[in-house]
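Here is the naming used below: chain letters follow the sequence lines, and residue numbers restart at 1 for every chain.
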Amino acid sequence: MLLIDLARTSAAVAADRARTAKIGHLAELLGRVGPDEAEIAIAYLSGELRQRQIGVGWRRLRDLPEPRQVATATLAQVDALLERIGSRSGPGSQAARRDLLNELFAAVTRQEQAFLKRLLTGELRQGAQGGVMVEAIAKAADVPAAEVRRALTLRGWLPAVGATALGGGVSALRAFHLEVGRPVAPMLAQSAPSVTAALEKIGGPAAIEWKLDGVRVQTHRRGDQVTVFTRALDDITSQVPEVVEAVAALPDTDLVLDGEVIALRPDGRPEPFQVTSGRVAGKIGVDALRKTVPLSVFFFDALRVGGADLLDLPDEERHAALEAAVPAEMVTPRLVTADADAGEEFFADALRRGHEGVVVKSPCTSYAAGRRGAGWVKVKPRHALDLVVLAAEWGGGRRQGRLSNLHLGALDPETGGFVMLGKTFKGLTDELLSWQTEQFLRLAEGPADDWVVMVKPELVVEIAFDGVQRSSRYPGGMALRFARVLRYRPDKRPDEADTVETVRALLP
DNA sequence: TTCCGACAGTGGGGTCGCAAT
DNA sequence: ATTGCGACCCCACTATCGGAA
């Protein structure tokens, strides 16, 4: 199959808004692709590469050669070239990558270049990714979508699952099973503003667990072999020896556990996320790192214990298996209750101990891997401040032509000026985007720019955020975590905005 | 007919490793 | 030694479609 076939299908998918139409286009193409190229076609049309990543981003895609007039590149050829690009390393590798990229882009037409560019930057923007592709695979292979989803859960890599479905149908899909050493798509949580609201959502008694502000780890053990995966299913075994040792010390030798790894201070309180994140990301000198920043692991779920798969069991049975397999100090603290007051107190206690919040879990849901089901509901405290808009950036994609990303500042009472604390684009409705674009252009000052518009600091906006963290990027040495817009405050003048002192007091 | 679950899109701050400068 | 880039850790929120109720 030719790359141009994919580029055309992608364009057709983007042109139709209805998901059924998108699925139709994708399924039609999947019906034509041969078994050798099915995996590539599924990967590219759901915005992925067969190699997952090849060290090429937006910066290396500037200054590309002129396109060809005639499309002749096959999927196999493109994939082979991307493989070569991805395998380069060491001195001179960037020049080699550039040459190979030039070779690739010189061999394809303008339409294919545009498709490849979006694919390589991870911005396919055709309104269809993995979720829609699952339906398209089901349609093309004439199998129930639930069978594809189940296999995806267990295999974790849609191109492989899709190729299997197209080649062997339901019976081939059923051959996928939980395999120790191969990661499963992790279960995700919805969110609610309070424990009471979360309990209502679940309806009835629930298990409430501390939400630790660390890194999710899925840990597999077979015999002496322990493997640790992140939420995105990357292997980080060598970076977290503490987890490997803790699981290797358990009596059970056939295990899959779900949990969180976190750096704790000597007094047991959690380090800021930055500390845990840096430690987990570190690959060089891990033995030295673990002496200064030791990691602790807390498990909250068991997918396999004693060689038995537990995915389809209800939460309370999985948790009972977890408690039997793991010592209590390695199990995330948990309270089972239907009482909202007791739940709120458990939440408050978790916060007093410095943790991020809680996750409220329905005792009867199975492990819905890879889906953000209503079985898990996270609850975190929410801070809010009134800040001043200092500038705004032009949006992209569906926000093109509107000022979208806000630069936020707190009042500095010493000078009467404002100190930038970060940016946000979240929480804005289409209506608000239009309104603020008009306002910012009216308040614009300084030279016009196609990236950012500086505005007179006159608009006050109420910003919600999860916390304040230390920053080397911003002048105040602080930045907001997960900032989002709640509403504009036309009733407030900029000199009534919250001050840098107020923000500093929120630093941990 | 209305409601709501699931998806995609739109980007945020921070950190590391690596290659180039 | 410093800088820029890519990858990945954490992530919130809105708009939309289409099946569920």
Reading 5' to 3' through nucleotides 15-21 of chain C, protein heavy-atom contacts under 4.0 Å coded B for base, S for sugar-phosphate only, - for none | SSBS---

Give a yes-or-no answer on whether the side chains of A:Asp312 and A:Tyr367 include a donor-acceptor pair shorter than 3.5 Å.
-> no

According to a strict under-4.0 Å criterion, is A:Lys378 in side-chain N/O contact with OP1 or OP2 of C:dA12?
-> yes

Rounded interatomic separation in angstrom, taking CG from A:Leu295 and P from B:dT15 | 16 Å

Quick one: which of B:dG14, B:dT10, C:dC8 gets closest to the side chain of A:Asp234?
-> C:dC8

Testing B:dG14, B:dG12, B:dG17 for proximity to the side chain of A:Phe425, the answer is B:dG12

Could you check whether A:Ala464 gets within reach of a base, just the sugar-phosphate, or nothing at all, counting any heavy atom under 4.0 Å?
-> nothing

Please work out if A:Asp213 contacts a base, only the sugar-phosphate, or nothing of the nucleic acid, heavy-atom cut-off 4.0 Å.
-> nothing

Can you see which heavy atom on A:Arg149 is nearest to which on A:Val134, and at what distance?
-> CG-CG1, 4.0 Å

Under 4.0 Å between a side-chain N or O of A:Gln274 and OP1 or OP2 of B:dG13?
-> no

Using a cut-off of 4.0 Å on non-hydrogen atoms, how would the nucleic acid contact of A:Val56 be classed: base, sugar-phosphate, or nothing?
-> sugar-phosphate

When you check the phosphate oxygens OP1 and OP2 of B:dG11, does a side-chain N or O of A:Ser404 lie under 4.0 Å from one of them?
-> yes

Does a nitrogen or oxygen in the side chain of A:Thr230 sit under 4.0 Å from OP1 or OP2 of C:dC9?
-> yes

Return the nearest nucleotide to the side chain of A:Lys283; candidates are C:dC8, C:dA12, B:dG17.
-> B:dG17

Under 4.0 Å: is that the gap between some side-chain N or O of A:Asn405 and OP1 or OP2 of B:dT10?
-> no

Considering only side-chain heavy atoms of A:Arg231, which listed nucleotide, B:dA6, C:dC11, B:dA20, is closest?
-> C:dC11

Heavy atoms under 4.0 Å, any strand shown: does A:Ser191 hit a base, just sugar-phosphate, or nothing?
-> nothing

Salt bridge or not for A:Asp79 and A:Arg84, using N-O below 4.0 Å?
-> no

Tell me which nucleotide among B:dG12, B:dA20, C:dG6 gets nearest to the side chain of A:Gln94.
-> B:dA20

Is the shortest distance from a Lys or Arg side-chain nitrogen in A:Asp99 or A:Arg88 to a carboxylate oxygen in the other one below 4.0 Å?
-> no

Terminal helix-axis angle for the helix from B:dA8-C:dT14 to B:dT21-C:dA1, with five pairs defining each axis and rounding to 10 degrees = 20°

For A:Ile54 and A:Arg484, take the nucleotide of DNA chain C holding the closest heavy atom to each; which residue's nucleotide lies nearer the 5' end?
-> A:Ile54

Would you classify A:Val132 as touching base, sugar-phosphate or nothing, given that sugar-phosphate means primed atoms plus P, OP1 and OP2, and contacts are heavy atoms under 4.0 Å?
-> sugar-phosphate

Side chain of A:Lys426 - closest among B:dA8, C:dA12, B:dG13 | C:dA12

A:Trp58 side chain N/O closer than 4.0 Å to the phosphate oxygens (OP1, OP2) of C:dC5?
-> no

Phosphate contact (C:dA12 OP1 or OP2) by A:Lys380 side-chain N/O below 4.0 Å | yes

When all nucleic acid strands are considered with a 4.0 Å heavy-atom cut-off, which category describes A:Glu123: base, sugar-phosphate, or nothing?
-> nothing

Just compare C:dC5, B:dA20, B:dG14 and give me whichever is closest to any side-chain atom of A:Arg59.
-> C:dC5

